[in-house]
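All remarks here apply to the structure that follows.
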Amino acid sequence: MNFELDDVQTLVRDTARRFAQEEVAPLAAEMDKTATFRMELVKQMGELGFMGVAIPEQYGGGGMDYRCYSIVVEELSAVCASTGVVVSAHSSLCCDPIYRFGTEEQKKKYLVPLASGQMLGCLGLTEPQAGTDAGAVRTTAVLDGDEWVLNGTKIFITNGGQAGVAVVIASTDRSAKHRGLSAFIVPADAPGYKVAKEEHKLGIRASSTAELVFEDCRIPKENLLGQPGEGFKIAMQTLDGGRIGIASQAVGIARGAMEQAIAYAKERQQFGQPIANFQAIQWKLADMATEIDAARLLTWRAAWMKDQGFKNYSREAAMAKLFASDVAMKATREAVQVFGGYGYIDEYPVERYYRDAKITEIYEGTSEVQRMVISRALLRD
Amino acid sequence: MKIMVPVRRVPNPDVKVRLKKDGTGIETEGVNFLVNPFDEYAIEEAVRITEKSGGEVFLVSIGGPENEETLRAGLALGAHRAYLVDLGGECYESSGIADILAAVFKQENPDLVILGKQSVDTDNNQAAQMLAAKLGLAQACFAYKVELQDGKAVVQREIDGGLEVKEVELPAVITADLRLNQPRYASLPAIMKAKKKEVKKVTPADLGAEPKNRARVLGLSEPPPRKAGQKVASVDELVDKLVNEAKVL
Ligand SMILES: Cc1cc2nc3c(=O)[nH]c(=O)nc-3n(C[C@H](O)[C@H](O)[C@H](O)COP(=O)(O)OP(=O)(O)OC[C@H]3O[C@@H](n4cnc5c(N)ncnc54)[C@H](O)[C@@H]3O)c2cc1C
Ligand SMILES: Cc1cc2nc3c(=O)[nH]c(=O)nc-3n(C[C@H](O)[C@H](O)[C@H](O)COP(=O)(O)OP(=O)(O)OC[C@H]3O[C@@H](n4cnc5c(N)ncnc54)[C@H](O)[C@@H]3O)c2cc1C
């Protein structure tokens with residue numbers, strides 16, 4: 001793995017950084033306050049290739065590698081974590097499984113409009129009784145002639161409110177438990193598909209988190225993704241890639257908070273001098289920078305393994321997400337501290353970063369789950 | 001229409017530059033370099049013209065091998081090909097740069113040259129004018145609107161207190177001001193395509209150019225630190241200070 005960005009990666013970073021600062025940053029505070037995402041960003045990002053960074057151009061994507069995807073999610077998250085997860089959930093959790101497991105027809109029909117940003121995608125895995133225990137999914141899919149009929153409820157679905165298409169994990173054979181799960185491509189305009197509720201959240205408030213209800217929801221037979229019984233495997237492999245996205249989001253949140261803390265520490269005068277002169281502040285900044293670099297390197301390693309075609313990088317993706325989410329929590333907490341009382345009020349953005357950081361320890365597998373994945377790999381032999 | 005757009009590699013203008021200890025230049029270690037922002041307006045204008053009525057845009061960057069990165073960034077904005085003029089460590093001021101650009105012009109015979117109105121690092125604002133003079137071409141600087149007609153360009157330019165509309169015969173030299181257009185962001189597929197576009201590496205000698213320095217930079221120094229401001233208790237005190245201390249009233 002190369003520590004330095006090559007010419008293409010540098011250009012991707014510069015473009016994403018500029019787009020984030022010029023187009024996203026001015027909207028971030030308002031989107032957070034009103035808990036609404038500005039959908040025109042999806043269109044703009046689609047035109048730039050950001051809605052499918054690692055999807056080949058022939059399927060509407062940006063044709064880059066996962067390292068570039070990580071860079072784009074980091075840059076967006078450094079100004080707005082909601083925008084970061086809108087892109088990450090869409091790309092990793094919806095585009096990626098269709099790209100990897102879909103038929104040519106499925107890719108043409110669904111991946112092209114998704115990766116080019118004409119519509120948003122989501123993954124429906126979690127249910128009220130199936131959170132960490134994702135294998136306990138109860139939503140069912142039954143074949144009726146030429147159609148699958150879905151029944152059940154999915155909760156906490158990122159992009160659920162606006163998605164044009166959902167990858168849904170449902171049981172086609174209850175007796176086989178998690179081996180009886182299958183994956184489906186469900187268009188939002190399918191009969192019986194309903195967005196039941198939007199959640200009100202602590203952080204990433206601009207990103208939709210919705211409940212999806214399927215009541216005799218009918219989709220064509222050919223919308224099965226992969227083989228029957230492959231649903232759990234597809235979900236787990238999808239989450240491996242997704243964790244690289246969330247790790248990148250966490251790195252971005254942490255970096256954004258650190259950059260603001262540095263700028264503030266140089267400006268803010270107490271005791272007749274900038275607070276950056278105090279060692280107590282300097283050491284906070286030094287720890288933040290060190291941990292952020294370490295988190296980014298873990299994230300890039302996992303991305304590199306995915307790009308190299310390693311069959312299994314679950315352990316490395318879990319390490320990246322576990323560590324980066326922890327770094328995001330620490331860095332944002334300390335950034336608020338550097339701002340003192342001003343860090344606690346919404347006139348400055350660091351309080352938003354602090355609220356946004358927490359989710360990175362929860363979704364796409366809680367930190368406990370990441371430790372389970374890592375320790376399982378350690379103890380396997 | 002064939003359009004030539006010179007592009008300059010400049011330190012990221014949002015980052016504070018640091019001088020080398022001996023004052024011979026700026027510290028480049030760890031500095032992020034970008035396409036000169038005014039040049040992006042020039043590229044955008046040129047690309048829009050060719051997107052509308054066909055033709056090609058070629059870029060010219062003068063400097064060292066590192067300028068290839070700058071050129072790739074410009075190619076990702078839609079230019080078709082590029083020249084990299086490697087000075088082999090030499091440095092030229094505006095007139096020497098104009099000598100080299102004139103040599104490229106003579107090889108390519110473009111219909112139009114569009115440059116940024118100035119470079120954001122040295123702020124010289126003279127390469128374009130010198131280039132026009134050396135080639136005996138018409139110039140229209142600080143353009144905020146460019147319209148092409150048969151064999152000529154109608155350029156609206158911002159001048160103090162108003163607008164000037166100028167008609168220049170092609171080929172001509174135009175420089176871009178900020179309000180000329182809104183440069184696009186490089187899309188990821190465009191960045192990929194830029195990787196495969198031609199960057200022709202040449203030296204001034206290959207071009208038959210003999211750039212000369214007529215001016216020499218003797219040294220650079222930091223601006224003197226600003227004195228701290230003062231707080232005044234009343235308007236009267238302020239006026240008193242403006243009159244008696246600052247002597248500006
Ligand atoms: C904002 C948001 C967005 C989300 N987006 C999506 C989405 O797009 N798609 C989707 O399908 N889901 C999504 N989720 C769901 C998310 O992945 C789950 O919330 C997460 O997996 C945890 O499940 P749970 O909430 O049911 O918690 P639980 O599983 O009930 O866990 C509660 C606690 O118990 C711990 N725990 C559980 N089991 C074990 C164990 N065996 N050993 C040790 N500790 C354990 C957990 O780590 C956690 O700390 C989202 C959630 C949120 C909040
Ligand atoms: C919700 C809220 C309620 C409040 N209620 C009250 C109230 O009722 N009455 C009241 O009077 N005030 C109140 N405050 C003000 C509060 O006490 C101050 O915000 C706090 O003392 C910190 O001061 P500051 O915000 O100016 O931060 P600063 O003093 O600017 O500190 C910024 C950072 O620099 C650090 N720092 C500063 N100096 C040094 C040093 N010499 N060495 C090392 N580190 C240093 C600080 O620890 C902090 O991390 C309130 C604030 C908030 C946010």
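Remember, predicted model here, so these are calculated numbers, not experimental data. Residue numbers begin at 1 in each chain, while the letters A, B, ... track the order of the sequences.
- Annotation for Ala186(B) and Leu48(A): closest pair O-CD2, 4.0 Å, computed over non-hydrogen atoms.
- Taking all atoms of both residues into account, the shortest heavy-atom contact from Gly61(A) to Pro189(B) is O-CG, 3.9 Å.
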Subject >> Test side-chain contact (heavy atoms from CB on, under 4.5 Å) applied to Leu188(B) and Val53(A), step by step >> reply: CA-CA 7 Å; Leu188(B) 303 186; Val53(A) 175; 3.8 Å; yes
May I have a table of the donor-acceptor pairs connecting chain B and chain A at distances under 3.5 Å?
residue   : atom : partner  : partner atom : Å
Glu40(B)  : OE1  : Arg18(A) : NH1          : 3.1
Glu40(B)  : OE1  : Arg18(A) : NH2          : 3.0
Glu40(B)  : OE2  : Arg18(A) : NH1          : 3.1
Tyr185(B) : OH   : Glu22(A) : OE1          : 2.7
Tyr185(B) : OH   : Glu23(A) : OE2          : 2.6
Leu188(B) : N    : Leu48(A) : O            : 2.8

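- The 12-atom threshold is exceeded at NZ of Lys2(B), counting heavy atoms of other residues, nucleotides or ligands nearer than 6.0 Å.
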